[in-house]
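Below: the structure, in structure tokens.
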Amino acid sequence: MNEQLSESSNWELLLWLLRKRKRFKVMGNSMLPSLKPGEEILVNLSAYRKSLPQVGDVVVAIHPDRPNFEIVKRVKIIKENGYCFLIGDNALESSDSRSFGFVNLENLIGKVTSRLP
């Protein structure tokens, strides 16, 4: 489940240039070893417009208690009523659904597709 994200392909970079991907910078240690602090990632903002996330997806979401704070987490559980349980890969240093509960699917910004080299 803790699959590593691949580096961005030329296609992913082109999608970013065409504004089909958004660039984010990882802050903190919550996604170690998958993502390190300071790494930049590309996110598909339209990934969940027509489909639900899958268990294991790495996502960027709006923190449920801090609306101006975006978090990078992995989907652990998806409920039919539109909520998901998000966790960090580094359980010892992650503020995630174990502390703030389930996150509404509307709070998902998108799916992380790759790491920038």
Side-chain angles (χ1 to χ4, degrees):
M1 175 150 105
N2 291 343
E3 63 191 46
Q4 296 294 323
L5 290 165
S6 62
E7 283 194 8
S8 299
S9 65
N10 289 337
W11 177 249
E12 282 289 314
L13 293 173
L14 177 62
L15 289 172
W16 173 58
L17 291 172
L18 296 171
R19 299 180 188 248
K20 301 292 184 185
R21 299 286 186 266
K22 187 172 179 183
R23 186 175 171 172
F24 284 88
K25 188 172 189 175
V26 176
M27 307 299 284
N29 296 320
S30 72
M31 287 302 292
L32 285 171
S34 301
L35 296 169
K36 298 171 184 66
E39 275 191 299
E40 294 186 319
I41 53 177
L42 294 180
V43 178
N44 181 351
L45 302 177
S46 62
Y48 303 124
R49 286 191 185 145
K50 295 183 181 179
S51 64
L52 292 173
Q54 300 295 306
V55 171
D57 283 359
V58 177
V59 300
V60 174
I62 299 168
H63 192 289
D65 299 328
R66 297 170 61 193
N68 295 321
F69 189 65
E70 296 163 343
I71 56 175
V72 180
K73 303 294 177 197
R74 190 176 301 274
V75 176
K76 178 75 172 174
I77 300 169
I78 303 163
K79 286 188 168 185
E80 291 180 23
N81 62 355
Y83 289 88
C84 55
F85 196 84
L86 304 178
I87 61 166
D89 288 351
N90 181 2
L92 296 176
E93 294 189 50
S94 181
S95 171
D96 53 33
S97 286
R98 291 171 293 176
S99 59
F100 52 70
F102 280 83
V103 175
N104 191 313
L105 290 177
E106 293 175 1
N107 282 13
L108 295 185
I109 293 171
K111 179 180 179 177
V112 176
T113 58
S114 60
R115 293 180 294 118
L116 286 170

### Query
With E7, which residues qualify under side chain to side chain contact (heavy atoms under 4.5 Å, CB included), at least two apart?
R115, P117

### Task
Please lay out, stage by stage, how R23 and L42 fare under the test side chain to side chain contact (heavy atoms under 4.5 Å, CB included).
CA-CA 5 Å; R23 186 175 171 172; L42 294 180; 4.3 Å; yes

#### Entry: Closest approach of Y48 to K111 (non-hydrogen atoms, all atoms of both residues)
OH-CB, 3.3 Å

### Query
At their closest point, which heavy atom of R74 faces which heavy atom of G56, and how far apart are they?
NH1-O, 2.9 Å

### Summary
Between N44 and A47, the two heavy atoms sitting closest are OD1-N, 3.3 Å

### Message
Is there a path of hydrophobic side-chain contacts, each under 4.5 Å between heavy atoms of I/L/V/M/F/W/Y residues, joining I87 to M27?
### Response
no

### Query
So if you build clusters from Ile, Leu, Val, Met, Phe, Trp, Tyr with side-chain heavy-atom gaps below 4.5 Å, do V112 and L45 land together?
yes

### Task
Mind checking the CH2-CH2 spacing from W11 to W16? Nearest 0.5 Å is all I need.
16.0 Å

### Query
Between I78 and P53, what is the shortest heavy-atom contact and its length?
CD1-O, 2.6 Å

Atom pairs and distances, donor-acceptor, side-chain atoms in residues 58-70, under 3.5 Å, two or more places apart:
unit_1 : atom_1 : unit_2 : atom_2 : d
H63    : ND1    : D65    : N      : 3.0
H63    : ND1    : R66    : N      : 3.3

### Common cluster, F24/L15, ILVMFWY with side-chain heavy-atom separation under 4.5 Å
no

### Query
When rounded to the nearest 0.5 angstrom, what distance separates CG in D96 from OG in S30?
7.5 Å

### Task
State yes or no: do V72 and L32 share one hydrophobic cluster built from I, L, V, M, F, W and Y residues joined by side-chain heavy-atom distances below 4.5 Å, directly or via other members?
no

### Query
Under a 4.5 Å side-chain heavy-atom rule over Ile, Leu, Val, Met, Phe, Trp and Tyr, are L13 and L17 clustered together?
yes

### Side chain D57, main chain V75, donor-acceptor under 3.5 Å
no

### Message
So which atom in K79 and which in F102 form the shortest heavy-atom distance, rounded to 0.1 Å?
### Response
CE-CZ, 3.5 Å

### Least distance between heavy atoms, S8 atom then E12 atom
CB-CB, 4.2 Å

### Query
Looking only at atom types and distance, does a side-chain atom of K73 sit under 3.5 Å from a main-chain N or O of S95, one as donor and one as acceptor?
yes

### Task
Nearest 0.5 Å please: distance from the OG atom of S46 over to the CZ atom of R21.
7.0 Å

### Query
How many angstroms lie between atom SG of C84 and atom NZ of K76, to the nearest 0.5 angstrom?
13.5 Å

